[in-house]
Amino acid sequence: MTTDSEEVFADINYAVGWNRFSFQILGIWPDSKENESDSIFSKYWFVVPSFFMLGFITLPQLVYLLMIWGDLELMTEILATAILPVTMGWIKLVFTRYRLESLRPLLRSFVEDWKRPKSQDERSVMLINAKKARIISIWCTTSACFMVSIHVLPRSLMVAQMQRDQFEPPHTVVYPGCFPYDIRGTFAFLISCFGQIVAAYSGTLSYISVDTFITMLVLHVCAQISNLRHSLEDLPSGMNEMANDFTNKLISIVKGHEHLNWYAQSIDNSFNTMLLIQILGFTVQVCFESFQLFRIMEQDGDKLPVEELIFIVLYVLITLIQLYLYCYVGEMLIVESSAIGTSAYMSQWYNLFPKDARNIFFVMHRCSIPLRLTFGKIGTFSMETFSQILRTTVGYLSVLLTVTDKKNN
């Protein structure tokens, strides 16, 4: 059994380190216990990225969107490039901050599971899923920031090289938008561009970090269920001297199963409303970005904006990967929780006293309804859901392309 405190601390840091770093930047990390001595600055730091996202991208672009209403291609570009993903990032940031009280028990239980004495096999299973969650977190965050940089850096260089007589206030900032002040002054212009760059990266980090945090929690539950299944399969099978040992271990397994039911249900209750909004956002974003991709590829080869094309392709891929992550971990949760009944059947229940064998049957019956990750309590994340959303998105895209062709003709 592993109990070394340094090893446990290293495992916990490995499992949550990247997500903790991202959440602390945003000011929404749910400490395992609230520290009353925390300064107001640390408690309300999330207001700073919220201010940048709303004040420099969402609201200015919303006003600009109303000004250009009717120009479908330009509206699609505005919606797809910044306003939708940044607004979704802001919604996730505020929602997670609002849910901190319900997330603290989850994180506390997460830490306690790592601190609990466990065998090397159990630790290996937990580390495998922790490694998956860490790789997903690092890869998604870095690739999303790289995608934003592909758009922001060339745009910033182009704006910096503009002459004063070329300035058109809605278009000359990094992201087109209308501000409540005159941005033609040097100081106001620089502040506006800087604010939009900070808002873009803040929105990206918020958008990605919440997804990877949920992925980390669900994969942890899957690892705990896997360990529970192995314990169930290794139950004592004797009928005499091992009977008490069987009862004690079965009680421990049932309590562990109840705890995991609570854990998975708490994750679902904490995020299902936000995930419903995100599903709608996924569909709209992929639809608009795919429309942008088709529009760009219709241009002549010598006029093809390579940077914008790379940005949009990466945007679509990352958005689809984020959706796939939810469906993947949701499918894992269903499969692992359903397999508890199979593990109970694989134990040597036929060598037990009849009353003990009946207890095994009760365990099998209680596992007939698997744990799920839902969106708004109206749908379940699974690979089937992933294919359904893709089909729906393609349908919306077909309608959008048809309407555009009719307008052009």
Side-chain angles (χ1 to χ4, degrees), residues 8-35 38 42-43 45-46 48-50 85 88-115 125-148 201-224 263-264 266-272 274-275 278 318 321-330 332-333 373 381:
V8 170
F9 177 78
D11 290 345
I12 295 174
N13 189 59
Y14 180 81
V16 304
W18 186 267
N19 287 283
R20 180 175 56 204
F21 173 72
S22 301
F23 269 35
Q24 285 177 341
I25 292 176
L26 299 169
I28 54 173
W29 176 246
D31 292 325
S32 57
K33 60 179 181 178
E34 186 176 8
N35 188 355
D38 284 347
S42 61
K43 286 183 179 180
W45 173 253
F46 79 100
V48 176
S50 296
M88 277 299 304
W90 175 76
I91 291 173
K92 290 182 178 183
L93 174 68
V94 174
F95 192 93
T96 305
R97 180 61 181 82
Y98 175 75
R99 289 288 188 177
L100 280 189
E101 289 301 323
S102 61
L103 294 181
R104 285 194 178 99
L106 288 175
L107 187 62
R108 189 181 304 119
S109 177
F110 183 97
V111 173
E112 288 174 356
D113 286 339
W114 279 100
K115 290 182 177 180
V125 171
M126 294 174 68
L127 282 176
I128 288 172
N129 278 23
K131 184 178 181 180
K132 287 182 184 178
R134 185 179 177 87
I135 291 174
I136 289 170
S137 300
I138 294 175
W139 188 90
C140 288
T141 305
T142 53
S143 59
C145 290
F146 174 73
M147 173 200 68
V148 173
Y201 284 104
S202 298
T204 302
L205 192 60
S206 302
Y207 191 96
I208 297 295
S209 297
V210 176
D211 293 344
T212 57
F213 179 74
I214 297 174
T215 300
M216 178 193 74
L217 294 179
V218 176
L219 287 177
H220 176 73
V221 175
C222 292
Q224 295 298 100
Y263 198 97
S266 297
I267 296 174
D268 188 49
N269 291 337
S270 298
F271 293 106
N272 68 78
M274 185 202 74
L275 292 177
Q278 181 153 338
I318 291 174
I321 288 172
Q322 291 298 109
L323 173 60
Y324 178 81
L325 281 179
Y326 278 119
C327 296
Y328 168 72
V329 297
M332 278 192 64
L333 186 61
L373 181 65
F381 282 106

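Note that the numbering runs from 1 along the sequence shown for the chain.
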Inter-residue atom distance [X].[atom1] - [Y].[atom2], 0.5 Å rounding:
X      : Y      : atom1 : atom2 : answer
Ile136 : Tyr328 : CD1   : OH    : 6.5 Å
Arg97  : Leu93  : CZ    : CG    : 9.5 Å
Leu106 : Phe213 : CG    : CZ    : 7.0 Å
Gln224 : Trp114 : CD    : CH2   : 8.5 Å
Tyr201 : Leu205 : OH    : CG    : 11.5 Å
Leu127 : Lys132 : CG    : NZ    : 12.5 Å

Are any non-hydrogen side-chain atoms of [X] and [Y] less than 4.5 angstrom apart?
X      : Y      : result
Val16  : Val111 : no
Leu333 : Leu219 : no
Gln278 : Lys92  : yes
Met147 : Ile318 : yes
Tyr263 : Leu217 : yes
Leu107 : Arg20  : no
Thr215 : Ser137 : no
Phe271 : Leu103 : yes

Honestly, is Lys131 close enough over Tyr14, meaning NZ or CZ under 6.0 Å from the six-membered ring centre and within 45° of the axis? no
With side chain to side chain contact (heavy atoms under 4.5 Å, CB included) as the criterion, how do Thr96 and Leu26 come out once you've worked through the C-alpha distance, each side chain's angles and the decisive distance to 0.1 Å? CA-CA 10 Å; Thr96 305; Leu26 299 169; over 6 Å; no
Tell me which one of Val329, Asn272, Leu373 satisfies side chain to side chain contact (heavy atoms under 4.5 Å, CB included) with Phe381. Leu373
Treating [X] as the side-chain partner and [Y] as the backbone partner, does any N or O pair qualify as donor plus acceptor under 3.5 Å?
X      : Y      : result
Thr142 : Trp139 : yes
Ser209 : Ser206 : no
Ser143 : Cys140 : yes

[X] to [Y] - nearest heavy-atom pair and separation:
X      : Y      : value
Met126 : Asp113 : CE-O, 3.9 Å
Met216 : Ala133 : CA-CB, 3.8 Å
Leu100 : Ile28  : CD2-O, 3.3 Å
Ala264 : Val221 : CB-CG1, 4.4 Å
Ser266 : Ser270 : O-OG, 2.8 Å

With side chain to side chain contact (heavy atoms under 4.5 Å, CB included) as the test, would you mind laying out the steps for Asp211 and Tyr326 before giving the verdict? CA-CA 8 Å; Asp211 293 344; Tyr326 278 119; 2.3 Å; yes
Could you check whether the rings of Phe23 and Trp29 sit parallel, tilted or perpendicular, using 30° and 60° as the cut-offs? perpendicular
Please evaluate residues Arg134 and Asn19 with respect to the criterion side chain to side chain donor-acceptor pair (under 3.5 Å), reporting the C-alpha separation (whole Å), side-chain torsions for both, the decisive distance (0.1 Å), and the verdict. CA-CA 8 Å; Arg134 185 179 177 87; Asn19 287 283; over 6 Å; no
Val94 vs Ser50, test: side chain to side chain contact (heavy atoms under 4.5 Å, CB included). Steps then yes/no. CA-CA 8 Å; Val94 174; Ser50 296; 4.2 Å; yes
Check the pair Val210 / Phe95 against side chain to side chain contact (heavy atoms under 4.5 Å, CB included), numbers first and verdict last. CA-CA 10 Å; Val210 176; Phe95 192 93; over 6 Å; no
